[in-house]
Amino acid sequence: MEQLSTAAFFPGAFQSVGDGIPAQLLFIWDTVRAPIIAPVLRVLMVLCSGLSIMLFVERIYMGVVIIGVKLLRRTPEKRYKWEAIKEDTEIGSSVFPMVLVQIPMFNEKEVYQMSIRAVCGLSWPSDRLAIQVLDDSTIPSIKSLVELECQKWADQGINIKYEVRDNRSGYKAGALKEGMKLSYARKCEYVVIFDADFQPEPDFLHRSIPFLIHNPKLALIQARWIFVNSNECMMTRLQEMSLDYHFTVEQEVGSSTHAFFGFNGTAGVWRIAAIEEAGGWKDRTTVEDMDLAVRASLKGWKFLYLGDLQVKNELPSTFKAFRFQQHRWSCGPANLFRKVVMEIARNKKVTLWKKVYVIYSFFFVRKIIAHINNFLLFCVVLPATVVVPEVTIPKWGAVYIPTATTIINAAGTPRSFHLTIFWIMFENIMSLHRAKATLIGLLEGSRANEWVVTEKLGDILKAKTASKRTRRLGFRIGDRVHVTELGIGAYLFFCGCYNMLYGENNFYIFILVQSISFFIVGIGYVGTIVPSF
């Protein structure tokens, strides 16, 4: 097998004068490198290569399924019965089921009007629709604004209720659970959930509800997200690439093969009977949506993903907001996996093949390995091998498989394919935070249940840009300078420079570019910077 050797000795790289500290450090390094560092690095390299193969095989499997779905034209309408709901002249609107729409909010000053306006514009008989705005806001002025907005629509004949709680117990899951306990909510058969920045089209219910009416085993209809601010900055374009793959491939594969996927927490329609049978909303992790989906699936319920049913929403455009979101999205699934893996294995209502899919493919490969391996391989092990001449790197593990995996991922967003290099660099940077969050979730660390609502900006940037008031730079150093990223960048820069000067391969091209990427993020030059006045 073709190998890339790093067996270059240190030809003067650490030349020092006399017997000072540099010479002593070099002596210590030479002493421990071969007997201690090299064996550990070999084990890590073998581990990373194995994990890379698992990820690659998973991508190939999903690609084959997607191609099969497209070639065989296995549309949702072919797999499940769908008939438009027609109003009966004798019984009138009673032919339409009662639907509850929940909009959970928390200090959503910039976007609350958009979601409420869109939901109030849904096409459905007014006497068969109840809208709940579940406001957990802690800022009195924002609560007043949201309440006034609800009252404005109520005055126009919309059945909209403004609901508040005394505390934020259970966060989003707690709010949804309390909302379903209200008397008018108990009369509903289905519940639709939209986060505060989501804007459904008027025909959303007419396109989704019929699937649930005519297919009694279906519990969930999940719509696809599309992003109103994907062109706002480079960071939002790169997020779009990752999420497009998630929806067009991962969700479609789960829906087509096992009628199971993780509920995305919003832009979905649930059968209330399925929620109740699964045990209702639980707040034991920060991914209450995925938790409910797993429990409902173990009860035998099926899910359907509708790729052509799209709902507009906003991507986090500040690095701080995106980082908190990724912590929750990485930590929560790992923590949930820890809690439900044995429950899934012992379940007798689902097939063995589905158990393997949920435990291995859905959780282990996509939620655990994917986050840890990216950081470990590209930001730790690969750079370290250039200064440890005893370790050789298989070319297939360092180049071929990662390249193929990347191309498969990037193909999900053809319009951004030319940004693939930037996407690779940014994903490797975010793998630092995802890997850390995954380990916190698996070990149930102190931040395992940390819940920070993703900040949405709405039209705030347009408003502030248009303002004629004098801008001032007021920002805190801690919000712009990220020490961890700078530290990793320095490590990569050292390894890249050493490889360029003394190495026998060209890994420095990748390593130095990656180090520059870490430096850029480390000084806060990423995402949207919201001006203050």
Side-chain angles (χ1 to χ4, degrees), residues 40-41 43-56 58-59 235 238-239 241-243 245-246 250 262 285-287 290 316 319-339 341 360-385 397-398 401-402 405-406 409 423-450 452 482-492 495 510-511 514-515 517-522 526:
V40 172
L41 206 54
V43 171
L44 291 176
M45 195 67 228
V46 171
L47 175 63
C48 289
S49 298
L51 296 181
S52 295
I53 292 174
M54 293 170 68
L55 286 168
F56 178 66
E58 176 71 9
R59 295 296 189 272
M235 192 181 78
L238 302 181
Q239 288 180 68
M241 293 178 69
S242 298
L243 288 171
Y245 180 82
H246 168 70
E250 292 178 346
T285 70
T286 57
V287 283
M290 187 182 295
F319 184 64
K320 180 180 179 181
F322 182 59
R323 192 173 56 177
F324 277 123
Q325 181 199 67
Q326 293 303 296
H327 174 86
R328 189 172 76 248
W329 286 6
S330 303
C331 179
N335 191 231
L336 179 62
F337 178 65
R338 169 194 171 109
K339 288 178 165 65
V341 61
Y360 173 78
S361 182
F362 179 77
F363 272 114
F364 188 61
V365 175
R366 300 183 206 168
K367 311 300 181 186
I368 309 296
I369 289 178
H371 300 324
I372 294 176
N373 188 61
N374 270 15
F375 177 70
L376 188 61
L377 175 60
F378 297 113
C379 300
V380 178
V381 175
L382 181 61
T385 59
I401 286 182
T405 303
T406 297
N409 276 275
W423 179 76
I424 294 171
M425 298 299 126
F426 188 64
E427 282 293 293
N428 287 341
I429 293 170
M430 292 310 302
S431 71
L432 162 66
H433 301 285
R434 291 172 183 148
K436 178 182 176 182
T438 299
L439 292 176
I440 290 174
L442 284 174
L443 302 176
E444 205 152 26
S446 59
R447 293 183 62 196
N449 292 311
E450 179 183 79
V452 179
H482 309 290
V483 177
T484 305
E485 282 83 351
L486 291 176
I488 299 295
Y491 162 72
L492 293 172
C495 294
F510 163 78
I511 296 173
Q514 187 67 73
S515 73
S517 303
F518 268 97
F519 285 137
I520 291 173
V521 174
V526 64

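The first residue of the sequence shown is numbered 1, and numbering continues consecutively from there. Computed from heavy atoms alone, side chains included, the values below leave out hydrogens, waters and symmetry copies.
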In chain order, what residues pass the side chain to side chain contact (heavy atoms under 4.5 Å, CB included) check against I53, with sequence neighbours excluded? V57, W396, I401
Taking salt bridge (charged side-chain N to carboxylate O under 4.0 Å, His left out) as the definition, give me every residue that meets it alongside E450, ordered by chain and number, with sequence neighbours left out. R447
Does anything in residues 368-382 pair up under side-chain hydrogen bond (donor to acceptor under 3.5 Å, both in side chains), and if so which pairs, sequence neighbours excluded? S52-N373
List the residues meeting side chain to side chain donor-acceptor pair (under 3.5 Å) with H246, not counting sequence neighbours, and say none if there are none. E250, N264
With sequence neighbours excluded, what pairs up with S242 under the side chain to side chain donor-acceptor pair (under 3.5 Å) test? W423, E427
For V46, check side chain to side chain contact (heavy atoms under 4.5 Å, CB included) against everything at least two apart and list the hits. none
The side chain to side chain donor-acceptor pair (under 3.5 Å) partners of T405 (sequence neighbours excluded) come to none
R366: salt bridge (charged side-chain N to carboxylate O under 4.0 Å, His left out) partners, not counting sequence neighbours: E58
Those residues that, when tested against A370, pass side chain to side chain contact (heavy atoms under 4.5 Å, CB included) (two or more places apart): L55
How would you list, by chain and number, every residue that makes a side chain to side chain donor-acceptor pair (under 3.5 Å) with N428, sequence neighbours excluded? Q514
Just to verify, what does F426 make a ring-ring contact (aromatic ring centres under 6.0 Å, His included) with, not counting sequence neighbours? F322
State which residues pass side chain to side chain contact (heavy atoms under 4.5 Å, CB included) with L439; sequence neighbours excluded, sorted by chain then number. I372
